[in-house]
There are 2 protein chains.
Amino acid sequence: MNIGEASRASGVSTKMIRYYEQIKLITPAHRTESSYRIYGDNDVHTLQFIRRARDLGFSVEQMKTLLALWRDRSRASSDVKKLALEHIAELERKAAAIAAMTKTLKHLASHCHGDERPDCPIIEGFADTLGDTDPGIEAKFGLTGVK
Amino acid sequence: MNIGEASRASGVSTKMIRYYEQIKLITPAHRTESSYRIYGDNDVHTLQFIRRARDLGFSVEQMKTLLALWRDRSRASSDVKKLALEHIAELERKAAAIAAMTKTLKHLASHCHGDERPDCPIIEGFADTLGDTDPGIEAKFGLTGVK
DNA sequence: CTTGACCTTCCCATCATTGGAAGCACTAAC
DNA sequence: GTTAGTGCTTCCAATGATGGGAAGGTCAAG
């Protein structure tokens, strides 16, 4: 199976498969004589594992750990659970940051007529002290962009 | 006021102030004879505006629009509200994606003993079909990393 | 033997932000 | 007046995960 087929089978783009190989998340694929990467069912299985972990928001670093735990048949389930719980906590932290932003914005928006008149509490809220020059939401949550 | 003071007064790092100038989010600061940037109260006010918008998760592009709207005294409040509501929708989309991840992970974690034994439903959930090879959470929500 | 789809590597862009290096400017103390 | 320390300048690079694209080699079908 070449990289395109492996991509389709796993749901990981060819770009990312090569990238994951480069950063050593996965072992270098075997090659044909003409340097084409070849993948077997095991490789696809690993890629699927990666895709699922990625879809759950794990970082590449975390995925490295997860893959190691996956392959280590003698690992303690508590090791995996610990990582998962930490990640859940991280996700909840982000959710709280987003909720705080949403709440503030909704509050501002609810006071805005939204008509042709120029006065707008939203933009005034940005311009005037909206909580003063305190650490700010992003500092409280360690987030700034929450992409 | 030099850039360091403006930074302290606004809560925007000096690095970012220079960056915002470079990408034309703000107008180039006046300079002293020795090329030091000088800022006045108006500039600090603008920087505070930027910081608040940023803390609410607006992108630089959106902030450009917001700043233009802020300065345009004849804008319609509906223009501002529209932008705010779009951003709220975006935030809620991200929140939903995070909630979906959290839910799945919590479900998996709840079935994991978390002891010294190796069997772990979490990692098995990653390895085995956890919803099959469908578009996946990130595709459903247009997210992959949700930083 | 050509065509088109695929593969290879390499470099660049994204977004917002931080870090650092090299060099110049200012301030305070001696 | 020199020196130490801090702060400013510009420039370049890295982050993390991903996509885009160019230039060139390979493969299968017609």
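Chain identifiers are assigned alphabetically (A, B, ...) following the order of the sequence lines, protein sequences preceding nucleic acid strands; residue numbering begins at 1 within each chain.
Listed pair B/Arg31 / D/dC8 fails the phosphate criterion, with no side-chain N or O lying under 4.0 Å from OP1 or OP2. Contact check, A/Asn2 against C/dC6: no side-chain N or O comes under 4.0 Å of OP1 or OP2. The shortest distance between the side-chain N/O atoms of A/Tyr19 and the OP1/OP2 oxygens of D/dG19 is not below 4.0 Å. The shortest distance between the side-chain N/O atoms of A/Arg18 and the OP1/OP2 oxygens of C/dT8 is below 4.0 Å.
With B/Phe58 as the partner, the side chain to side chain contact (heavy atoms under 4.5 Å, CB included) test is satisfied by one option alone out of B/Met63, B/Glu90, B/Arg52: B/Met63.
To the nearest angstrom, C1' of D/dT18 lies 15 Å from CD1 of A/Ile50. As rounded to whole Å, 10 Å separates atom P of C/dA16 from atom NZ of B/Lys64. Rounded to whole Å, atom P of D/dT10 lies 9 Å from atom CD1 of B/Ile3. As rounded to whole Å, 11 Å separates atom C1' of D/dT18 from atom CD1 of A/Ile23. To the nearest angstrom, C1' of D/dA17 lies 12 Å from CG of A/Leu25. In this structure, A/Ile38 atom CD1 and C/dC7 atom P are separated by 13 Å, rounded to whole Å. The separation between B/Ile17 atom CD1 and D/dT10 atom P is 13 Å, rounded to whole Å. When rounded to the nearest whole Å, the span between OH of B/Tyr36 and P of C/dG23 equals 16 Å.
Using a 4.0 Å heavy-atom cutoff across all strands shown, A/Arg37 reaches sugar-phosphate atoms only and no base atom. In this structure, A/Tyr20 reaches the sugar-phosphate backbone alone: every heavy-atom distance under 4.0 Å involves primed, P, OP1 or OP2 atoms, never a base. Heavy atoms of B/Ser59 sit under 4.0 angstrom from primed sugar atoms or phosphate atoms, though from no base atom. B/Ser13 comes within 4.0 angstrom of sugar-phosphate atoms only, judged by non-hydrogen atoms across all strands, and of no base. The residue A/Thr14 sits apart from the nucleic acid: no heavy atom pair falls under 4.0 Å.
Classified by interplanar angle (parallel below 30°, tilted 30° to 60°, perpendicular above 60°), the ring pair B/Phe49/B/Trp70 is parallel.
Residue A/Val60 has its side chain nearest to D/dA17 when only D/dA17, D/dT18, C/dT18 are considered.
Between B/Ser77 and A/Asp119, the side chains place no donor N or O within less than 3.5 Å of an acceptor N or O (distance only, hydrogens not considered).
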Output, in order, the C-alpha distance, side-chain angles, deciding distance and verdict of side chain to side chain contact (heavy atoms under 4.5 Å, CB included) for B/Tyr20 and B/Val60. CA-CA 9 Å; B/Tyr20 290 149; B/Val60 166; 4.2 Å; yes

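When each of B/Phe58 and B/Ser34 is assigned the nucleotide of DNA chain C bearing its nearest heavy atom, the one mapping closer to the 5' terminus is B/Phe58.
Of all heavy-atom pairs between A/Leu66 and B/Ile123, the closest is O-CD1, 3.4 Å.
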